[in-house]
Structures are given as structure tokens and as C-alpha cells.
Amino acid sequence: MTAIKHALQRDIFTPHDERLLSIVNVCKAGKKKKNCFLCATVTTERPVQVNVVKVKKSDKGDFYKRQTEWALRDLAVVDAKDANKSSTNLHTQQDAPVPKNGRENPEFDLHFEKVYKWVASSTAEKNAFISCIWKLNQRYLRKKLEFVNVSSQLLEELPKVTEESVPSGENQSVAGGDEESLDDYQELNTREEQDIEIMMDGCEYAISNAEAFAEKLSRELQVLDGANIQSIMASEKQVNILMQLLDEALKEVDEIEHKLSSYEEMLQSVKEQMDHISQSNDLIQLSNTNNMKLLEEIEFLVNYLDLSKGHIKALTDGDLSSSKGIEACTNAAEALLQCMNVALRPGHDELQAVKQQQQQFKDLREQFARRLANHLNNVFVQQFTQTLTLHYRRASYHSVSGHDQSSTLAQHSVELSLPKHLPFHRDLLRYAKLMEWLKNTDHEKYEGLNKNYVDYISRLYEREIKEFFEVAKIKMTGTSKEGKKFGLHGSSGKLTGSTSSLNKLSVQGSGNRRSQSSSLLDMGNMSASDLDVADRTKFDKIFEQVLSELEPLCLAEQDFISKFFKLQQSPALPGSVVADSTDVDGLLLSRQHTLLGDRHLLPSEKEEAGIIRSMMIKVFRCIEPELNNLISLGDKIDSFNSLYMLVKMSHHVWTAENVDPASFLSTTLGNVLVTVKRNFDKCILNQIKQMEEVKISKKSKVGILPFVSGFEEFAELAESIFKIAERRGDLDKAYTKLIRAVYNNVEKVANESQKTPRDVVMMENFHHIFSTLSRLKIACLEMERREAKQKYTEHLQFYVIYSLGQPLEKLNHFFEGIEARVAQGIREEEVSYQLAFNKQELRKVIKEYPGKEVKKGLDNLYKKVDKHLCEEENLLQVMWHSMQDEFIRQYKHFEGLIARCYPGSGITMEFTIQDILEYFSSIAQSH
């Protein structure tokens with residue numbers, strides 16, 4: 001261990017001006033054994049720094065390197081973990097008794113910024129290292145370092161050594177008597193090395209003859225001793241003189257001490273007097289402190305519990321009608337609230353004056369709250385009375401003038417507008433701060449005002465809104481009382497109660513097809529003559545005007561309620577979406593659902609938002625029923641009005657959600673939108689039902705079916721209405737249902753048709769549908785458009801093939817027989833050997849169809865096709881051209897069979913392709 005210590009001192013610590021005092025070979029507890037050394041070192045320069053250094057052998061060689069370094073001042077606890085604290089001896093490690101558990105414990109812990117657990121190679125090294133740490137702490141740090149489970153023998157006191165008695169430089173040791181135990185090796189300093197070198201230079205033979213060199217040194221030492229003795233003897237006289245001076249000095253010191261004793265007695269009395277003065281000053285200071293605290297308490301009560309006379313007068317007699325009076329009362333109420341909300345210090349509430357002041361504040365609060373509530377109730381009543389008086393005056397005037405109610409409403413509501421309550425709101429908003437004060441101080445009166453306002457304003461709004469909707473109904477129907485429950489005739493249209501005539505509809509001919517199509521549009525049981533674009537445009541404008549008037553009215557009232565009653569409006573009210581809107585009708589009000597999760601509301605916000613919602617429902621309880629009645633009326637007038645209402649209502653719902661998704665208006669319009677959507681769905685279902693109930697005439701050709709024309713007109717109308725709509729999902733779904741119903745019923749009618757061939761019915765109607773969808777370019781029906789084109793093309797081909805089989809019937813049958821023999825396996829060149837298909841039979845069949853007969857048969861075919869096709873679709877020329885192409889194809893096919901089955905016979909048809917082209921052209925021109 002000594003060799004390792006010298007190597008570490010030389011290689012690691014000397015270059016850093018440090019001295020190694022103690023070393024212990026350790027490894028970390030609980031891990032794979034990797035040995036290292038913990039070294040206790042001190043610096044050779046002042047101020048002295050004491051460190052604990054971890055040294056580890058390098059993996060790449062036999063040299064050592066510093067791994068970790070801790071300052072001893074950072075060490076907090078040393079835990080020796082000795083089972084028997086008295087079992088370890090500092091100086092006689094070998095004679096240490098065995099602990100009670102029968103074995104020594106080499107483990108110990110050092111607590112720096114964290115706990116380091118070590119296992120020493122031996123208990124002796126551990127104890128020596130801990131003893132060194134204790135001595136270094138006692139000498140250099142003197143900090144409260146805690147030694148746990150350490151033997152008291154290890155912590156023995158070091159002899160006290162003054163700083164001056166410790167040599168400086170590298171020869172400085174830990175403590176005088178313990179130098180040998182802490183360091184076995186001392187390096188020569190520079191001065192010692194120089195002295196030895198000078199001495200050795202003067203005695204060159206010292207290296208070769210050590211005895212001679214020692215004798216020389218001994219002689220020189222004797223000479224020096226003699227000189228010292230002579231010097232001492234020579235200075236004896238001076239020593240005697242020095243002793244005399246010392247005796248005289250001692251006498252002087254005794255005299256000085258005597259004088260100091262007398263001075264001390266004199267100062268003792270002064271000290272007593274000063275102590276008395278100090279006690280007096282302390283009492284004066286205590287009295288001043290108490291007076292200051294008392295003054296501070298009085299100032300606190302006066303400043304915070306005092307209400308000015310002006311505020312008291314404003315609360316008792318202030319004018320609540322003028323703006324200045326309201327402002328003065330507001331300031332006084334706020335000042336009163338501040339006084340009442342002052343946080344009193346302990347003991348203040350026991351003072352009689354404070355109790356009286358608080359009672360006065362309570363009386364003022366109750367008196368002003370009562371006066372404010374009475375005044376606002378009077379304002380509510382006054383506004384309600386003035387409005388009703390105005391209505392009664394108008395009614396009385398027109399009653400005296402002989403006008404009925406409908407004329408009165410029409411004359412005074414030409415622009416279909418609702419009365420504005422902005423001046424009333426503006427007057428009441430002056431009391432908003434006072435309402436907030438009342439809400440915080442007297443909630444009972446606040447709720448009373450809330451209830452009274454809702455009672456008065458709801459009756460006012462109910463009268464105005466009902467009158468407004470009555471005017472809207474008059475403008476729609478030209479009569480009052482909802483067109484006498486949808487039975488009265490008016491100037492703008494005639495409502496009929498007859499059932500739909502579509503169930504009795506029969507196809508009479510192509511000339512009356514347009515009237516049939518118009519009858520299909522009579523979804524509201526009205527005559528077709530009364531349904532035109534002007535009527536629907538008029539309804540659309542009236543409905544838009546109704547919604548445009550209701551929207552600002554509701555938003556303004558909700559904003560006023562929030563500001564006047566000081567209620568917090570929430571961006572998303574829980575439960576603001578109609579529950580059955582998505583489940584029943586597929587109506588997605590997704591914006592409100594989304595906003596419910598955007599922000600978590602505080603309980604107070606939820607409560608206040610619920611109060612606003614409850615008030616708005618009571619104030620405008622008549623809006624939703626009136627809107628539903630108006631929608632029902634519009635649906636009765638013309639069920640296609642549901643398209644206009646769906647677009648308008650969706651737009652206003654979307655607008656209301658953008659302004660305030662939790663508003664009463666947004667919720668109400670959302671509920672009404674569900675009703676509109678149901679009417680729209682009912683309109684679509686009625687159309688589908690009427691398609692299924694259509695019956696055709698057995699005596700006339702079918703032509704374009706009425707519900708096909710009806711779908712065309714419906715699509716044109718819907719596209720014009722939904723052109724700028726925010727949502728098309730409902731219309732696209734309706735398109736899909738309608739087009740499937742049209743396709744199914746076209747096929748049904750075609751199968752039931754007796755006068756017109758099935759292929760003609762399918763071809764004409766699907767051609768009409770294809771043309772309609774191509775012209776309107778409805779994106780959601782692109783697949784149906786391709787399907788219509790496919791069906792039109794297929795049935796056109798079927799009809800052409802079927803029709804062309806009649807003019808050349810025998811010839812067709814002959815060649816069909818040839819094809820059948822070939823299909824059975826007979827070779828084409830052997831067909832002519834069949835008795836029924838020999839050359840004579842072929843010539844006989846060909847002679848029956850000369851050019852004149854072919855042209856005559858084609859002319860008859862043209863007339864027959866003309867009877868089957870309708871004029872409106874104008875497919876005759878298309879059909880005739882297709883027949884020409886098919887006839888030429890058959891001709892070429894027949895010529896090919898003749899050439900293959902009758903080679904070299906020279907048999908040909910009696911007409912050519914050029915003849916066929918002339919036949920078809922001349923027949924088309926002649927007709």
C-alpha cells in the first residue's frame with residue numbers, strides 16, 4: 001500500500017500541488033467488483049483546500065487517473081456501519097476485538113450530494129481513512145460533520161496547534177504527534193536540496209569516504225557548540241540588565257492595574273444610571289408604538305367604514321330618472337358595497353361604533369334596493385302600457401273608419417316589419433350597473449325584477465309577433481286567419497280542398513302530356529294554373545323577410561338580457577341541440593355538437609347561461625309555434641315551398657350559429673328546421689307515391705310519362721333554389737330517391753303498356769331522362785345519367801332489330817335456319833346440300849323480295865314506327881337512321897352467308913346497298 005501511495009503522490013497529486021494524507025482501496029457496494037482508491041488530500045497553497053479524490057487504474061495501461069473529486073466541505077455524513085461501535089481502535093487495528101456478530105464490517109457510506117456506498121478491502125483501511133477525515137475536518141473546516149456508527153476511539157481529539165506553529169509548504173502535516181501516522185514519506189523542499197548540494201560540493205570525498213565526511217561534520221558541530229557557549233557567557237551581563245528592566249515594568253503594570261480598578265468603581269455608578277435611562281426609553285418607545293397602532297386602526301375604520309353624506313343622500317333621495325341621478329346612485333351603491341365588503345380585522349366587530357355603522361349600511365342597502373326595484377318595475381309597466389295604448393289607438397281608429405282587422409294589419413305593416421325596442425333597451429341599460437349591484441346584494445329583489453320583466457315583455461312580444469305573423473299570412477294568401485284555415489280564396493291564389501287527381505290520371509295522348517306533367521306538380525292540392533314562378537318567388541321573399549325580422553329581434557333581446565341582468569353568455573349552452581334532429585331526420589346540426597366539446601364551462605357560467613336560455617324561452621314562447629304555423633301554411637299553398645323554406649331556414653340556422661351557437665334563436669331555428677326537413681321529405685314521398693299510382697290508357701300511345709316530365713321540372717326548380725345554398729345533402733338524397741322511383745316506374749309502365757311497345761316506352765323516357773341530367777349536370781346523379789344512356793341505347797337497338805325482322809320476314813327466317821345448321825356443326829359449304837336450304841329454295845326466297853317489295857315494306861315500317869313514337873321527343877329520324885344502319889348490316893351479313901354457303905353459285909340479292917340507301921332516303925323525305 002505504501003508503494004501505491006508513493007506512486008499516486010508522484011504521478012497524480014504532486015503535479016497539482018496536493019499532498020496525499022490517507023488512502024483506502026474500495027469498490028462500490030452491490031455491484032460487480034471494480035477496485036479503485038479513495039484518497040484524502042490537501043493543497044500545499046493557502047487557503048488550504050481538503051478534497052476526497054477517487055482514483056482508478058486505466059483500462060489501457062498500468063497508470064492511474066483521477067476519476068471523481070469531492071470537496072470535504074460538501075460532505076454531510078460519514079456512516080461507518082460498525083455493528084459494535086467500541087470494537088475498533090484507532091492505533092492498534094490488529095488488536096481490535098471481534099464484533100458481536102463474529103465478523104468485521106468493511107462497508108461505509110459517504111453522503112455528498114448523494115449517498116456513495118463503498119466496501120473497503122479491509123476494516124483497518126476503512127478506520128484509518130475515517131479517522132483521517134475526522135482530523136482534517138477538525139483542523140481545517142470545523143463544520144458540523146455527522147459521524148454515524150463510528151467508534152469513539154476513532155474520533156479522539158487532536159492536540160490544539162496554532163496556525164503559527166504549523167510550518168508552511170509541503171512539510172505541513174495534519175497534527176504534530178500524528179505526522180508519522182499520516183505520512184511515512186516527506187519530500188525535500190528546494191532550500192534543503194540546495195543546502196545539501198553546497199555541503200556535498202565542499203566535501204567531494206563524502207561520496208567515496210562517508211566516515212571521513214561524518215568526522216568532518218562532527219568537528220564542525222563541536223566548533224559551533226563552543227562558539228555558542230562563549231556567546232552565551234558573553235551575554236550574561238545583558239541578561240541581568242534585561243531582568244532589572246522586567247522588574248521595573250512589572251511595578252508599572254501593578255500601578256496601572258490599581259488605577260484601572262478605581263476607574264471601574266467610578267464607572268459602575270454611571271452604568272446603573274444608564275441602565276435606568278435605557279429602561280425609561282424602552283417604556284417610551286412601547287407607548288409610542290401602541291399609539292401608532294391605535295392610530296392606524298382608527299384611520300382604517302374611518303377610511304373604510306365611512307360613507308360620505310353625498311352618497312347617503314343619493315341612496316335615500318337620489319333621482320333614478322335622470323342620467324346624472326343614475327350615475328350618482330351608481331357611485332353611491334358601489335361605495336356602499338365596498339364599505340360592507342371590507343374585511344375587518346380581529347376584534348373590530350366587537351366595537352359598538354363598528355356595529356352601528358354596519359347596521360346603518362344594511363338599512364341603506366335595503367332601503368335603496370327597495371326603491372330601485374320599485375322604480376324599475378314602474379319603468380317596465382310604463383313601457384308595456386305605452387305600447388298597448390298605441391296598439392289600441394290604431395285598432396280603434398280603423399274600427400271607427402270601418403276597416404276590418406285584416407285591412408288594418410295590411411295597412412300598418414306594408415313592409416312586414418317588427419317593432420324595434422332599441423330605445424327601451426337603451427333607457428334600461430343605464431341601470432345595468434345598479435342591476436349588478438342588486439344581484440350581488442339582494443338576490444331576492446333581483447329575481448323579482450327578472451320575473452316581472454319577463455312577464456311584461458313576453459306579453460308585449462306575443463302581441464307584436466302574432467300580429468306580424470298574421471300580416472305575413474295575409475300577404476301569402478290574400479286573406480286573414482290563415483286563409484280561414486286554408487279554405488278561403490284570395491287574390492294571390494286559390495286554395496282547394498279536393499284530393500289529388502293524379503290517382504285518376506290516364507294517358508290520353510301526346511297532346512295532353514304537358515297538362516299531366518303539370519298535374520304532377522300539384523303536390524299541395526292546388527290547380528296548376530295558380531302555380532307559377534311569381535307565386536313561389538313571392539312566398540320566398542315573404543318567408544325570408546319573416547326570418548330576417550326575427551333574427552335581429554331575438555339577438556338584440558338576448559344581448560340586452562345578458563347586459564342588463566349581468567348574466568354571462570356562454571359560447572355553447574349544454575343541451576342546445578334538438579335531441580331528435582339527427583336521429584329522426586338525418587338533419588346534422590354538427591356545429592353545435594362540436595362546440596359543446598370545445599370549452600369546459602364553469603358551474604357559474606352554466607347556471608347563468610341556463611338562466612338566459614330560460615328567460616328567452618319565456619319571452620319568445622310564441623315564435624316557434626307561429627313559425628310552424630307559417631311553414632304549414634306555405635306547405636298547404638304549394639308543397640314545393642318546402643324547398644324554399646329548407647334553403648332559407650338552413651341559411652339562417654347557419655348564420656345564427658356563427659353569431660352565437662348557443663343563442664335562443666339558433667336553437668329555435670334548429671327546431672323549426674327539423675319541421676321544414678320533414679315537410680320536404682313528405683313532399684318527396686308524395687311524389688314517389690303518385691309515381692306508383694300513375695295509370696296509362698290502353699287506347700293511346702304512352703310517350704313521355706308525366707312523372708318523367710315532373711322530375712325534370714322538379715330538378716330545374718330545385719337547382720335554381722339550391723344554387724347558392726349552404727347545404728345540398730338533403731337535395732342529393734331526395735334526387736337519389738326520386739330517380740330510382742322514376743326508373744322503377746318507367747319500367748313498370750313499359751311492362752304494362754299495350755298500345756306502345758315496351759322498348760319504345762323505355763327508349764323514349766330514358767332518352768328524356770338522359771337529356772335532362774346532361775343539361776342540368778347534377779353531380780350526385782352522374783351514375784344514373786350513364787345508366788339512362790345505357791338503357792336508352794339498349795332499348796333503341798332492341799326495337800330496331802325487332803322492327804326490321806318484319807319487312808323481310810321469310811328471308812330472315814331462311815338465313816336464321818342456315819345459321820342454326822352451322823351452329824349444329826354442319827360445315828358452311830355443305831349447307832346447300834340440305835333439302836330445305838338448297839340453291840332452289842334460296843332463289844325462291846330472294847325472288848319474293850324484289851326492290852319494290854323491299855321499299856314497300858320499309859315504307860310500312862316507317863309508318864308503324866311513326867305511330868309508336870311521340871312527337872315531343874323527336875326520335876323518329878334517329879330511329880330511322882339506326883334502322884338503316886342495322887338493315888345494311890343485315891344485308892352484308894346475308895351476302896356473306898351466301899358467299900360462304902353457296903360458293904360459285906352466282907346467287908345475289910335483287911337489291912344493292914345503294915338501293916337500300918335510296919329507299920331509306922326517299923321514304924324519309926316523302927314523310
>> What verdict does the side-chain contact (heavy atoms from CB on, under 4.5 Å) test give for Ile542 and Leu630, after you've listed the backbone C-alpha separation in whole Å, the side-chain angles of each residue and the deciding distance to 0.1 Å?
In response: CA-CA 11 Å; Ile542 294 173; Leu630 187 67; 5.9 Å; no

Are the side chains of [Y] and [X] in contact, using a 4.5 Å heavy-atom criterion?
{"X": "Ile898", "Y": "Ile846", "answer": "yes"}
{"X": "Arg843", "Y": "Tyr902", "answer": "no"}
{"X": "Glu747", "Y": "Arg758", "answer": "yes"}
{"X": "Glu626", "Y": "Glu470", "answer": "no"}
{"X": "Ser639", "Y": "Asn686", "answer": "no"}
{"X": "Phe680", "Y": "Leu643", "answer": "yes"}
{"X": "Tyr735", "Y": "Phe711", "answer": "yes"}
{"X": "Lys892", "Y": "Ile913", "answer": "yes"}

>> What verdict does the side-chain contact (heavy atoms from CB on, under 4.5 Å) test give for Val653 and Val672, after you've listed the backbone C-alpha separation in whole Å, the side-chain angles of each residue and the deciding distance to 0.1 Å?
In response: CA-CA 10 Å; Val653 169; Val672 176; over 6 Å; no

[X] side chain to [Y] backbone, donor-acceptor under 3.5 Å:
{"X": "Asp540", "Y": "Arg536", "value": "no"}
{"X": "Ser882", "Y": "Val878", "value": "yes"}
{"X": "Ser632", "Y": "Asn628", "value": "no"}
{"X": "Ser774", "Y": "Ser771", "value": "no"}
{"X": "Tyr792", "Y": "Ile769", "value": "no"}
{"X": "Asn751", "Y": "Lys748", "value": "no"}
{"X": "Asn641", "Y": "Gly634", "value": "yes"}

Which distance, rounded to the nearest 0.5 Å, do you find between the [atom1] of [X] and the [atom2] of [Y]?
{"X": "Glu551", "Y": "His652", "atom1": "CD", "atom2": "NE2", "value": "6.0 Å"}
{"X": "Gln834", "Y": "Ile818", "atom1": "CD", "atom2": "CD1", "value": "10.5 Å"}
{"X": "Ile637", "Y": "Lys473", "atom1": "CD1", "atom2": "NZ", "value": "11.0 Å"}
{"X": "Asn679", "Y": "Met645", "atom1": "CG", "atom2": "CE", "value": "6.0 Å"}
{"X": "Leu416", "Y": "Glu549", "atom1": "CG", "atom2": "CD", "value": "6.5 Å"}
{"X": "Leu781", "Y": "Leu773", "atom1": "CG", "atom2": "CG", "value": "5.5 Å"}

May I ask you to say whether [X] pairs ionically with [Y], meaning some side-chain N is under 4.0 Å from a carboxylate O?
{"X": "Arg775", "Y": "Glu716", "answer": "yes"}
{"X": "Lys791", "Y": "Glu794", "answer": "no"}
{"X": "Glu544", "Y": "Lys541", "answer": "no"}

> Cut-off 3.5 Å, side chains only: do Asp915 and Thr912 have a donor facing an acceptor?
Replying inline: yes

> Hey, is CZ on Arg740 packed in by over 12 heavy atoms from elsewhere, all under 6.0 Å?
Replying inline: yes

> More than 12 heavy atoms of other residues, nucleotides or ligands under 6.0 Å from NZ of Lys839: is that the case?
Replying inline: yes

> What's the verdict on side-chain contact (heavy atoms from CB on, under 4.5 Å) for Glu624 and Thr675, showing C-alpha distance, side-chain angles and the deciding distance?
Replying inline: CA-CA 11 Å; Glu624 187 170 341; Thr675 303; over 6 Å; no

>> Run Asp859 and Lys855 through salt bridge (Lys or Arg N to Asp or Glu O under 4.0 Å) and show every step you take.
In response: CA-CA 6 Å; Asp859 187 66; Lys855 182 177 181 182; over 6 Å; no

> Considering the options Leu738, Val694, Asn765, which one meets the side chain to side chain contact (heavy atoms under 4.5 Å, CB included) requirement together with Phe707?
Replying inline: Val694

[X] and [Y]: which non-hydrogen atoms are nearest, and at how many Å?
{"X": "Ser832", "Y": "Glu829", "result": "OG-O, 3.8 Å"}
{"X": "Leu796", "Y": "Met763", "result": "CD1-SD, 3.3 Å"}
{"X": "Leu669", "Y": "Met649", "result": "CD2-SD, 3.8 Å"}
{"X": "Leu717", "Y": "Phe640", "result": "CD2-CD2, 3.4 Å"}
{"X": "Ala741", "Y": "Met691", "result": "CB-SD, 3.8 Å"}
{"X": "Thr736", "Y": "Ile739", "result": "O-CG2, 3.4 Å"}

>> Test of understanding: with ring-ring contact (aromatic ring centres under 6.0 Å, His included), list the residues that count as partners of Phe770, not counting sequence neighbours.
In response: none

> Can you name the residues that form a ring-ring contact (aromatic ring centres under 6.0 Å, His included) with Phe798, not counting sequence neighbours?
Replying inline: His795

> Who are the salt bridge (charged side-chain N to carboxylate O under 4.0 Å, His left out) partners of Glu841, not counting sequence neighbours?
Replying inline: Lys844

>> For Glu886 and Arg889: C-alpha separation, side-chain torsions, deciding distance, then whether side-chain contact (heavy atoms from CB on, under 4.5 Å) applies.
In response: CA-CA 5 Å; Glu886 180 62 23; Arg889 188 192 67 78; 2.4 Å; yes

> What orientation do Trp880 and Tyr862 show, parallel under 30°, tilted 30 to 60°, or perpendicular over 60°?
Replying inline: perpendicular

> Does the ring centre of Phe766 sit less than 6.0 Å away from the ring centre of Tyr743?
Replying inline: yes

